[in-house]
Structure formats: structure tokens, C-alpha cells
2 protein chains.
Amino acid sequence: MRARSHPQDEQHLTEQLGATGLRLTPQRQQVYDVLVGKQDHPTAEEVFIRAKKQMPEISHATVYNCLDALVKSGVARQVTVDRGATRFCPNMHEHGHFHCDTCGMVFDVDLPGELPGVALPRGFKPQRYEVAIHGSCANCAKEK
Amino acid sequence: MRARSHPQDEQHLTEQLGATGLRLTPQRQQVYDVLVGKQDHPTAEEVFIRAKKQMPEISHATVYNCLDALVKSGVARQVTVDRGATRFCPNMHEHGHFHCDTCGMVFDVDLPGELPGVALPRGFKPQRYEVAIHGSCANCAKEK
DNA sequence: TCAAGATTTAGAATAATTCTAAATACTCCC
DNA sequence: GGGAGTATTTAGAATTATTCTAAATCTTGA
């Protein structure tokens with residue numbers, strides 16, 4: 001069973017993209033659907049493979065382009081926890097990422113609340129922050 | 001004027017590497033010196049270029065190898081704030097990273113204290129965490 | 001309907017990292 | 001001190017990740 005995006009999603013996408021000066025195209029919708037369909041933090045390459053199943057003519061460059069568009073308009077996040085391919089995540093709620101250094105999987109984790117005031121040097125303008133936790137996931141911790 | 005590592009550093013390096021089953025080699029020392037010499041979070045490529053000035057025969061693969069060795073033995077950290085090349089940092093004190101999305105520079109920032117207890121799923125074993133803040137640095141914020 | 005601009009496409013190009021096999025260096029044991 | 005065995009380095013090839021390019025297609029507004 002695959003998750004098909006709801007009308008609200010479509011309208012939301014249109015609005016969010018529009019606010020950034022971008023259009024909702026079938027490709028962007030498809031890439032978004034892939035992200036929402038299985039929230040396992042796929043790489044661009046993974047997204048490409050999955051999107052191709054529904055839309056065989058989609059190209060590599062388009063996937064990168066769509067992912068960038070989605071990130072720019074605030075409906076997806078880029079997750080860079082480790083060397084290697086960047087991952088993507090459609091969960092826009094405040095959360096951090098747990099990266100299993102053994103199997104490489106990435107999991108969303110709730111964060112306790114606002115990051116306590118970090119003292120930034122004068123003039124620095126923060127916009128968002130990312131928390132990445134490294135360790136072993138339940139499965140891998142058990143193995144060892 | 002370049003920072004030359006102190007004897008303590010050398011002994012410390014030897015110990016830390018040794019505890020991980022690795023030796024302190026001239027190349028590893030050199031790569032470490034580069035990191036300590038200018039703490040601007042260089043990429044592996046940057047480290048390669050700088051290391052070459054003192055040790056012209058050092059190879060690309062060795063720099064990657066040395067950086068991995070230093071990270072594994074806990075004397076340097078890998079910093080992955082964005083798509084693109086990984087950066088490295090010899091500051092092992094508890095700190096986060098500020099990434100300027102305009103100029104791409106990375107700055108160390110103090111963190112307020114222990115990350116408040118994040119509720120991890122059962123069985124997950126955390127080992128370390130990273131906080132990355134994105135925004136504009138003082139210089140770039142001024143320009144705009 | 002047409003022109004202008006946005007988007008997609010295939011494939012080439014570039015950048016980042018890892019791999020490979022051979023050469024070198026070091027450590028331990030005799 | 002001489003070797004055997006292991007660790008490390010080296011150059012360069014290979015692989016992986018991402019970006020670029022130029023042409024084709026789509027959309028929108030006059």
C-alpha cells in the first residue's frame with residue numbers, strides 16, 4: 001500500500017512553493033509523495049529510484065531540482081548526519097535525528113523543547129538548527 | 001607564523017591513537033598539526049593542500065586515512081553541516097557549529113550545557129551528539 | 001495565439017571519497 | 001642485526017554524489 005498525497009497536501013504544496021516563487025509540478029508532487037510515502041530518510045538516489053516507479057521518465061537532475069525546491073519552500077528538510085549522500089525528510093515538526101553508526105539508518109527523535117539560548121557572536125543571525133545524535137539503534141545495540 | 005605542536009600534543013596523540021590500536025606516524029602528526037594550526041574547519045581537500053606544503057609527498061588517500069584515524073581515536077571531529085565536502089575540527093570541547101548559509105564558513109559556538117534528556121526509543125544507545133545552527137554570520141548579515 | 005520565463009530532460013562534467021596493489025616502515029622474535 | 005608479519009603510505013584508478021549544459025517542453029499572461 002502506498003500513501004497517496006491528500007488534496008490538502010497538494011494545496012499546501014502549491015501554497016508553500018508559490019510563496020517561494022515556484023510552481024507545483026507533477027514531478028515535484030511525485031518527489032514529495034515519495035518522501036511522505038516512506039519516511040526513512042532516503043538519499044536523492046533512493047528518491048530517484050522510487051519516483052521512477054511511478055514516473056519512469058523522471059530524470060536525475062529533476063530529482064535534485066525538486067528536492068531543492070521542496071527544501072527551499074519549507075516542506076522538506078535536508079539531513080546531513082554523516083559523510084556520504086545527503087538524506088531528505090518531509091517531517092517539518094521540531095525534531096532531531098538519530099544516526100546509527102552501525103547500520104547507517106536515520107531515525108526521527110523528539111526534542112525536549114527549545115534549544116536553550118546559545119550565545120552566538122555579535123551580529124550572527126540564526127535561522128534554524130539541527131540536532132544529530134550518533135550511536136547504535138536498538139537492533140544494532142542488541143547484536144553486539 | 002605557524003603553530004607547531006607541543007610535546008604534550010605528541011604524547012597525547014600517541015596515547016589516543018594507541019588506545020585505538022593505531023600508531024602515531026609523521027603523516028598523522030602532520031595532518032593533526034594542520035587542523036590545530038588553523039581551526040577554520042577545512043575540508044579533506046583543504047587539509048591535503050595545507051599538509052602538502054610541509055610534506056610534499058603526502059597523498060590524498062593518506063589524508064583521508066589520517067583524518068579517519070584522528071576521528072576514530074577521539075582527537076578530532078568530523079563536521080557535516082551541509083551537502084558537499086565534510087569538514088574537520090580538532091576542538092574536542094563540547095561545542096556546536098554555526099554554518100553561514102551565505103558564505104559557507106563554519107564557526108564553533110559554545111553550547112549552554114548538557115542537551116536535556118532526549119527521549120530515545122527503547123534500546124537506542126547514544127554516544128555523542130552534534131548541534132548545527134544555520135543562518136548568516138556577522139559579515140554576511142551586514143551585507144544584506 | 002505568441003512570447004517569455006520556468007521546468008524538465010539526457011547526458012556530460014565535476015567534486016568527493018574509496019579502493020587497489022605495490023612499496024615502505026615498524027615491531028617482535030630469534 | 002636479520003627476517004617474518006603487520007601497519008601504513010603511495011599513486012592512480014574507480015566509484016559515488018552532485019552539478020552543469022543545452023535543448024525540448026510546458027505554463028502563463030498579454
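So you know, we letter chains A, B, ... as the sequences are listed, proteins then strands, and number each from 1.
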Task: Closest-nucleotide ordering on DNA chain C, the 5'-leading residue of B:Pro26 and B:His60 - done: B:His60
Open item on the list: Please pick, from C:dT9, C:dA16, D:dT9, the nucleotide with the shortest atom-to-atom distance to any side-chain atom of B:Asn65.
Closed with: D:dT9
- [ ] Nearest whole angstrom, please: distance from the P of C:dT27 to the CG of B:Leu24.
- [x] 11 Å
Task: Sugar-phosphate, base or nothing in reach of A:Ala61, heavy atoms under 4.0 Å - done: base
- [ ] Looking at every strand, decide which applies to A:Thr43 at a 4.0 Å heavy-atom threshold: base, sugar-phosphate, or nothing.
- [x] nothing
Task: Side-chain N,O (A:Thr62) to OP1/OP2 (C:dT9) below 4.0 Å - done: yes
Open item on the list: Reading DNA chain D from 5' onward, which residue's closest nucleotide shows up sooner: B:Pro56 or A:Thr86?
Closed with: B:Pro56
TODO: Side chain of B:Ile58 only, please: which of C:dT17, D:dT10, C:dA10 is the nearest?
DONE: D:dT10
Task: B:Gln30 CD to D:dT8 C1', straight-line distance once rounded to whole Å - done: 16 Å
Task: Candidates C:dT9, D:dT9, D:dT19 - which lies nearest the side chain of A:Tyr64 - done: D:dT19
Task: Any donor-acceptor N or O pair under 3.5 Å, side chains A:His41, A:Asp108 - done: yes
TODO: May I ask you to say what B:Glu45 touches in the nucleic acid, namely base, sugar-phosphate or nothing, with a heavy-atom cut-off under 4.0 Å?
DONE: nothing
TODO: Take atom CZ of B:Phe88 and atom P of C:dT17, then tell me their distance rounded to the nearest Å.
DONE: 7 Å
Open item on the list: For a quick check under 3.5 Å, do B:Asp101 and B:His134 share a side-chain donor-acceptor pair by atom type?
Closed with: yes
Open item on the list: Checking contacts here: which listed nucleotide (D:dT8, C:dT9, D:dA17) is nearest the side-chain heavy atoms of B:Arg23?
Closed with: D:dT8
- [ ] Let me know the distance between CZ of B:Arg28 and P of C:dC26, rounded to the nearest Å.
- [x] 12 Å
Task: Under 3.5 Å side-chain donor-acceptor pair for A:Glu45 and A:His60 - done: yes
Open item on the list: Any carboxylate oxygen within less than 4.0 angstrom of a Lys/Arg side-chain nitrogen, looking at B:Arg77 and B:Glu130?
Closed with: yes
Open item on the list: What is the separation between atom CD1 on B:Ile49 and atom P on C:dA15, rounded to the nearest whole Å?
Closed with: 12 Å
Task: Between D:dT16 (P) and B:Arg83 (CZ): distance, integer Å - done: 19 Å
- [ ] Check the distance between C:dT8's C1' and A:Gln29's CD and give it to me in whole angstrom.
- [x] 17 Å
Open item on the list: Regarding A:Thr25, tell me which of base, sugar-phosphate or nothing describes its non-hydrogen contacts under 4.0 Å with the strands shown.
Closed with: sugar-phosphate
Task: CA sep, side-chain torsions, deciding dist, call: B:Phe88, B:Val79, side chain to side chain contact (heavy atoms under 4.5 Å, CB included) - done: CA-CA 6 Å; B:Phe88 295 86; B:Val79 181; over 6 Å; no
Task: Whole-Å distance separating the CG atom of A:Leu67 from the C1' atom of C:dT7 - done: 15 Å
Open item on the list: Could you tell me if B:Tyr129 and B:Glu94 have a donor-acceptor pair between their side chains, going purely by distance under 3.5 Å?
Closed with: yes
Task: Side chain of B:Gln27 - closest among C:dT8, D:dT10, C:dT7 - done: D:dT10
- [ ] Nearest-nucleotide wise, let me know which of B:Gly84 and B:Gly21 is further upstream toward the 5' end of DNA chain D.
- [x] B:Gly21
